[in-house]
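What follows is a single structure, written as structure tokens, with notes after it.
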Amino acid sequence: MARKFFVGGNFKMNGSISSIKEIVSNLNNADLDTEVEVVVAPPALYLLLVRDNLRSSIEVASQNVFDKPNGAFTGEISVSQLKDSNITWSILGHSERRTILKESDAVVASKTKYATENGVGVIWCCGESLEEREAGKTIEVVSRQLEALRAQISDWSRVVIAYEPIWAIGTGKVATTEQAQEVHKAIRDWLKGVNDKVADETRILYGGSVNEKNCGELGKQPDIDGFLVGGASLKPAFVDIINCRK
Ligand code: PEP
């Protein structure tokens, strides 16, 4: 089965009402490749602003979601609130949440289970630190993160995997096409252990300093099915990344 190319934009904790309106207007006016699924993730405060103003062909993601129904969970957002607001995706397990906010593999997996079982798609992130890469532990780390996910989910149809080496995020130091393809292939092989259909159908995105110049080569790799873009998703160049295969 052909996997639809997927480009996500992670605004992180950036933007203001006016700058986000400008990004929305830029996307609304752009001639975008219709063969690409596009999802943008603004900060929580601006989710509705984006959903209400962005063209309907682009979906919107939160940058986090909780693994419990509505209730006494101060500061969290629920899956039902996302769905009520027509927010159909969530980014989970981003390295900034794993490292700064200490979200464990199991917590990320639990949130992924709750979101996907209740109808929200998940861009599930994984990736190694520089120290782990230099110690030759990249595949081991990513496999550990994947095993924690497999321990809790059985339906992979709403999961998109984003491989994001931590050393490449926001550093300008992009993985080489060979480095990225090697890990993506290893993830695809790992997914075969779930089953062949999951391996064949699950999109695996690359994230880490993707820009309009490096996206073309990365996007040609057989196991790279799109990108999760941070910094460049705030710029007009995001359109060039979406259109990198046009
Ligand atoms: C990210 O935060 O998911 C990311 C990949 O950031 P950047 O593109 O800025 O490296």
Side-chain angles (χ1 to χ4, degrees), residues 5-15 19-20 23 26-27 36-44 46-47 50 58-65 87 89-103 105 108 111-112 115 121-130 132-133 138 141-142 145-146 149 159-177 179-181 183-184 187 203-219 221 223-244:
F5 207 74
F6 186 111
V7 177
N10 175 14
F11 297 179
K12 312 195 191 198
M13 197 176 71
N14 291 304
S19 71
I20 286 180
I23 294 170
N26 189 39
L27 288 170
V36 178
E37 186 168 352
V38 184
V39 176
V40 293
Y46 303 126
L47 282 167
V50 171
I58 300 182
E59 296 200 58
V60 181
S62 64
Q63 297 175 15
N64 183 31
V65 69
I87 308 302
W89 288 88
S90 187
I91 297 176
L92 290 173
H94 191 282
S95 64
E96 287 148 18
R97 294 201 63 92
R98 288 180 186 267
T99 56
I100 304 168
L101 294 153
K102 311 283 179 238
E103 289 190 6
D105 293 345
V108 173
K111 289 178 170 188
T112 306
V122 170
I123 302 170
W124 177 88
C125 307
C126 60
E128 81 289 2
S129 65
L130 183 59
E132 289 162 338
R133 171 160 285 267
T138 298
V141 169
V142 170
Q145 294 167 327
L146 284 162
L149 185 59
V159 176
V160 169
I161 295 173
Y163 167 60
E164 300 206 305
I166 299 172
W167 48 271
I169 297 178
T171 57
K173 207 172 154 191
V174 67
T176 63
T177 49
Q179 284 172 323
Q181 168 57 26
V183 182
H184 281 234
I187 293 173
R203 271 89 54 95
I204 308 174
L205 318 181
Y206 169 78
S209 296
V210 172
N211 61 33
E212 71 283 14
K213 297 197 187 81
N214 57 34
C215 61
E217 275 310 304
L218 285 162
Q221 303 306 304
D223 291 297
I224 297 184
D225 306 310
F227 305 114
L228 182 56
V229 184
S233 68
L234 300 163
K235 301 179 187 156
F238 188 48
V239 168
D240 301 320
I241 298 172
I242 295 168
N243 288 340
C244 74

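Keep in mind that this is a model prediction, so the values were computed, not measured. Numbers for residues simply follow the sequence, beginning at 1. All ligand and atom numbering here is 1-based and tracks the order in the structure.
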Looking only at protein heavy atoms, identify the closest one to [atom] and say how far it is in Å.
{"atom": "atom 1 (C) of ligand 1", "value": "H94 NE2, 3.2 Å"}
{"atom": "atom 3 (O) of ligand 1", "value": "E164 OE2, 2.8 Å"}
{"atom": "atom 8 (O) of ligand 1", "value": "G230 N, 2.8 Å"}

Ignoring hydrogens and geometry, is there a side-chain-to-backbone donor-acceptor pair from [X] to [Y] under 3.5 Å?
{"X": "R98", "Y": "G93", "value": "yes"}
{"X": "D225", "Y": "I204", "value": "yes"}
{"X": "S209", "Y": "A168", "value": "yes"}

Practice task
For the residue pair K111 and N64, confirm or rule out a side-chain donor-acceptor distance under 3.5 Å.
Solution key: yes
Problem - Residue selection (non-hydrogen contact nearest atom 9 (O) of ligand 1) among G231, G9, A41, G172 - result: G231
Problem - E37 and R203: CA distance, side-chain angles, deciding distance, salt bridge (charged side-chain N to carboxylate O under 4.0 Å, His left out) verdict - result: CA-CA 11 Å; E37 186 168 352; R203 271 89 54 95; 3.1 Å; yes
Problem - Note, E164 side chain near N10 side chain (heavy atom, < 4.5 Å) - result: no
Output the list of atoms in ligand 1 that are nearer than 4.0 Å to some heavy atom of [X], sorted by atom number.
{"X": "G208", "answer": "5 (C), 10 (O)"}
{"X": "N10", "answer": "1 (C), 2 (O), 3 (O)"}
{"X": "L228", "answer": "3 (O), 5 (C)"}

Problem - Within-cut-off N or O pair, G170 and ligand 1, under 3.5 Å - result: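 Yes, at least one N or O pair falls under 3.5 Å.
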Exercise for the section: Examine S209 against ligand 1 and note whether any of their N/O atoms are separated by less than 3.5 Å. Expected result: yes
Exercise for the section: Please determine which of V39, L228, V36 meets the side-chain contact (heavy atoms from CB on, under 4.5 Å) test together with F6. Expected result: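 For F6, the side-chain contact (heavy atoms from CB on, under 4.5 Å) check succeeds only for V39.
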Problem - Any A232 heavy atom less than 4.0 Å to ligand 1 - result: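 No; A232 lies far enough from ligand 1 that no heavy-atom distance drops under 4.0 Å.
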Exercise for the section: Would you please determine whether A168 falls within less than 4.0 Å of ligand 1 on a heavy-atom basis? Expected result: yes
Practice task
Evaluate the ring planes of H184 and Y163, with Trp represented by its six-membered ring, and classify them as parallel (under 30°), tilted (30 to 60°) or perpendicular (over 60°).
Solution key: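 Perpendicular: the ring planes of H184 and Y163 meet at over 60°.
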